[in-house]
Amino acid sequence: MVAIITTGYSIRRTFLYNENKVTEGVAECLMAANFPMELPDMTQGQRLNMLLKTADLNPDVKRNNVHITLNFAPGESFSEEKLCAIAGEYMERIGFGEQPYLVYKHNDAGHPHIHIATVKIRPDGSKIDMQNIGKLLSQPARIELEQKYGLVKAEDHKKDLVSIKPVDARKVMYGKIDTKRAIGNVLAEVLGKFKFTSLPELNAVLNLYNVHAERGAEGSRIYRHNGLQYRVLDADGDPVGTPIKASLFHDRPTLKNLEKLYVRNDVARQQYKKRLQTNISFILKSKQPGSLQKLTEA
C-alpha cells in the first residue's frame, strides 16, 4: 500500500474533485466518519459544510485542507467494508481518527485506490501538527496495515504506480460530458499541484487537457474589467463551444485569485530553483560536458 498525503488551501476543491468523480460514475463515496448524520441521510452540501465549519474553528490556519490517497497494487481486490476498515485504522494511526472525513473509492485508474478528504483543525479548534507525519506516523501505519490485511508492500509495487501522474483529470472532449464539470475537474488538479506564476504558465498545463484560460481580446469588456474565462479546445487546439466565466466555478479561479496564487507559487518554487542551479553548476564543473546534448543527459 502506498499512502500519499497532501495539504492545501481549498477544502472545497478537494471535496468537489471527488464529488464530481461520483457524479460522472467513476467513483463512489463509501464512508462519512464523525459526521452528525449517516452518509445516506446527508446531501452534498451538508457533507461539505461539515468540513468547512470544522476548518472555520481556527481561521488562522490557512492551509487547512488534507487530501490522502491510499493506493493498492494492481490485482488486489477489496470489499467496501474492508476498504472502510483500512481507511478508518489508517486515519486513527496518523492522528485523524476523531476528525470528520470522507472516503471515496475511485474506479478510473489501473490500480485500486481510495481518496480521503478531511481537515487539520480539531473539533476544539486546535491544529493537528503534520510536520514529518509521513515518516513518523504514516509509514509505521502503512507497514502495520500491510501486515494485518496481507497487502502488497509499498516497496514491491511502487514501480507499478507510474500511471499516477501529477494530473489525473481526464482530457476534456467537448460534448462528451458536462463542459463546466469537466473543466472544473481539470482546474481542481492543476491549480492545486502546479507552481505556475503567470497565465501563460498555467495555460501550458491546461492546454494538455484541452482547457484554456483567456482574458479576451484587448479592448473587450471582459479584458477591461480584468475578467477571465475558461473554454474547451478540440484535438487541434482550437476553441469550441461557449466560454465559461471564472466566477461561475466553485473555487472562483478568477484573475484576481490567480494572481494571489502566482505570489505563493513563486515563493514555494524557490527551493527547486536553487536545487536546479546547484545541479547545473556541479555538472559544469565536474563533468565539463562538451555539448548541449551531453549537458542535458548529465
**Fill in**
Ala87 and Leu70 have their tightest heavy-atom pair at CA-CD1, 4.3 Å
**Prompt:** Taking only residues two or more places apart in sequence, or in another chain, which ones meet Gln131 in a side chain to side chain contact (heavy atoms under 4.5 Å, CB included)?
**Reply:** Asp129
**Request:** Using a 4.5 Å cut-off on heavy atoms from C-beta on, say whether the side chain of Met50 contacts that of Gln46.
**Result:** no
**Joint cluster assignment, Leu255 & Ile244, ILVMFWY side-chain distance < 4.5 Å** = yes
**Complete:** Across all chains, not counting sequence neighbours, the ring pair (Phe, Tyr, Trp, His ring centres under 6.0 Å) partners of Tyr90 are none
**Complete:** Closest non-hydrogen atoms of Arg13 and Ala188, given as atom of the first, atom of the second and distance, are CD-O, 3.3 Å
**Request:** Please round to the nearest 0.5 Å and tell me the distance separating atom OG1 of Thr54 and atom CG of Asn64.
**Result:** 10.5 Å
**Message:** Taking side chain to side chain contact (heavy atoms under 4.5 Å, CB included) as the definition, give me every residue that meets it alongside Glu28, ordered by chain and number, with sequence neighbours left out.
**Reply:** Leu30, Glu80, Lys105, Asn107
**Asked** Counting distance only, does the side-chain N/O of Asn203 pair as donor-acceptor with the main-chain N or O of Ala213 below 3.5 Å?
**Response** yes
**Prompt:** Does Thr197 reach the side chain of Arg269, with side-chain heavy atoms less than 4.5 Å apart?
**Reply:** yes
**Message:** So which atom in Glu189 and which in Lys193 form the shortest heavy-atom distance, rounded to 0.1 Å?
**Reply:** OE1-NZ, 3.0 Å
**Asked** Rounded to the nearest 0.5 Å, what separation is found between the CG atom of Leu284 and the CD1 atom of Ile280?
**Response** 7.0 Å
**Message:** How about CZ on Arg252, more than 12 heavy atoms from neighbouring residues, nucleotides or ligands closer than 6.0 Å, or not?
**Reply:** no
**Request:** Determine which pairs satisfy salt bridge (charged side-chain N to carboxylate O under 4.0 Å, His left out) with at least one residue from residues 59-74, sequence neighbours left out, and list them in order.
**Result:** none
**Asked** How far apart are the closest heavy atoms of Ile283 and Pro289, and which atoms are they?
**Response** O-CD, 3.6 Å
**Item:** Smallest separation among heavy atoms of Pro253 and Leu191, with atom names
**Value:** CB-CD1, 3.8 Å
**Message:** Is there a side chain to side chain contact (heavy atoms under 4.5 Å, CB included) between Val232 and Tyr209? Walk through the geometry before answering.
**Reply:** CA-CA 9 Å; Val232 174; Tyr209 293 86; over 6 Å; no
**Request:** Would you name the heavy atoms of Pro123 and Leu57 that are closest together and state the gap between them?
**Result:** O-CD1, 3.3 Å
**Request:** Show the numbers, then the answer: is there a side chain to side chain contact (heavy atoms under 4.5 Å, CB included) between Ile5 and Met130?
**Result:** CA-CA 10 Å; Ile5 303 175; Met130 296 186 64; 3.7 Å; yes
**Min side-chain heavy-atom separation Leu206-Leu187 under 4.5 Å** = yes
Donor-acceptor pairs are to be reported for all side-chain atoms of residues 96-103 against protein atoms at under 3.5 Å, with residues two or more places apart or in another chain.
residue: Gln99; atom: NE2; partner: Val119; partner atom: O; Å: 3.0
residue: Gln99; atom: NE2; partner: Ile121; partner atom: O; Å: 2.7

Show me the donor-acceptor pairs within less than 3.5 Å that the side chains of residues 259-268 make with the rest of the protein, sequence neighbours left out.
residue: Tyr262; atom: OH; partner: Leu199; partner atom: N; Å: 3.1
residue: Asn265; atom: ND2; partner: Phe196; partner atom: O; Å: 2.8
residue: Asn265; atom: ND2; partner: Leu261; partner atom: O; Å: 3.3
residue: Asp266; atom: OD1; partner: Gln270; partner atom: NE2; Å: 3.4

**Asked** Are Tyr223 and Leu258 grouped together when hydrophobic residues (ILVMFWY) are joined by side-chain heavy atoms under 4.5 angstrom apart?
**Response** no
**Prompt:** Around Gln293, counting heavy atoms of other residues, nucleotides and ligands shown, do more than 12 lie under 6.0 Å from its CD?
**Reply:** no
**Any donor-acceptor pair under 3.5 Å from Glu76 side chain to Val152 backbone** = yes
**Asked** Quick one: NZ on Lys127 to NZ on Lys120, what's the gap to the nearest 0.5 Å?
**Response** 6.0 Å
**Asked** When you check the side-chain N and O atoms of Asn20 and Thr23, is any donor under 3.5 Å from an acceptor?
**Response** no
**Complete:** Value for CD (Gln271) from CG (Leu276), rounded to nearest 0.5 Å, stands at 12.5 Å
**Message:** Measuring only between side-chain heavy atoms, which start at C-beta, is Met31 closer than 4.5 Å to Leu39?
**Reply:** no
**Message:** When you compare the side chain of Tyr17 with that of Tyr104, does any pair of heavy atoms fall below 4.5 Å?
**Reply:** no
**Message:** According to ring pair (Phe, Tyr, Trp, His ring centres under 6.0 Å), who are the partners of Phe249, at least two apart in sequence or on a separate chain?
**Reply:** Tyr230
**Item:** Pair listing, salt bridge (charged side-chain N to carboxylate O under 4.0 Å, His left out) test, anchored in residues 81-94, at least two apart
**Value:** Glu89-Arg93, Glu89-Lys148, Arg93-Glu144
**Item:** ring pair (Phe, Tyr, Trp, His ring centres under 6.0 Å) partners of His67, counting only residues at least two apart
**Value:** His115
**Request:** Could you verify whether a donor N or O on one side chain and an acceptor N or O on the other, from Arg12 and Asn65, lie under 3.5 Å apart?
**Result:** no
**Message:** Working note: Ile4 + Asn71, criterion side chain to side chain contact (heavy atoms under 4.5 Å, CB included); need CA distance, chi angles, decisive distance, verdict.
**Reply:** CA-CA 8 Å; Ile4 302 173; Asn71 303 274; 3.8 Å; yes
**Prompt:** Hey, what do you get for CE (Met1) to OG (Ser138), rounding to the nearest 0.5 Å?
**Reply:** 7.0 Å
**Message:** Is there a path of hydrophobic side-chain contacts, each under 4.5 Å between heavy atoms of I/L/V/M/F/W/Y residues, joining Leu248 to Ile222?
**Reply:** no
**Leu151 reachable from Ile116 in the ILVMFWY side-chain graph, under 4.5 Å edges** = yes
**Asked** Does some side-chain heavy atom of Val240 sit less than 4.5 Å from a side-chain heavy atom of Leu233?
**Response** no
**Asked** Are His106 and Asn18 close enough that some pair of their side-chain heavy atoms sits under 4.5 Å apart?
**Response** yes
**Request:** Just jot down the side chain to side chain contact (heavy atoms under 4.5 Å, CB included) partners of Ala204, sequence neighbours excluded, or say none.
**Result:** none
**From Arg122 atom CZ to Ile128 atom CD1, the distance as rounded to the nearest 0.5 Å** = 5.0 Å
**Item:** Under 3.5 Å: donor-acceptor pair, side chain of Asp238, backbone of Asp234
**Value:** no
**Asked** Restricting to pairs with a member in residues 37-49, which pass salt bridge (charged side-chain N to carboxylate O under 4.0 Å, His left out), not counting sequence neighbours?
**Response** Glu19-Arg47
**Item:** Within-4.5 Å side-chain heavy-atom neighbours: Thr254 and Leu228
**Value:** no
**Prompt:** Are Ile68 and Leu48 in one and the same hydrophobic cluster, where Ile, Leu, Val, Met, Phe, Trp and Tyr link if side-chain heavy atoms are under 4.5 Å apart?
**Reply:** no
**Message:** Tell me every residue that passes ring pair (Phe, Tyr, Trp, His ring centres under 6.0 Å) with Phe78, counting only those two or more places apart in sequence or in another chain.
**Reply:** Phe72
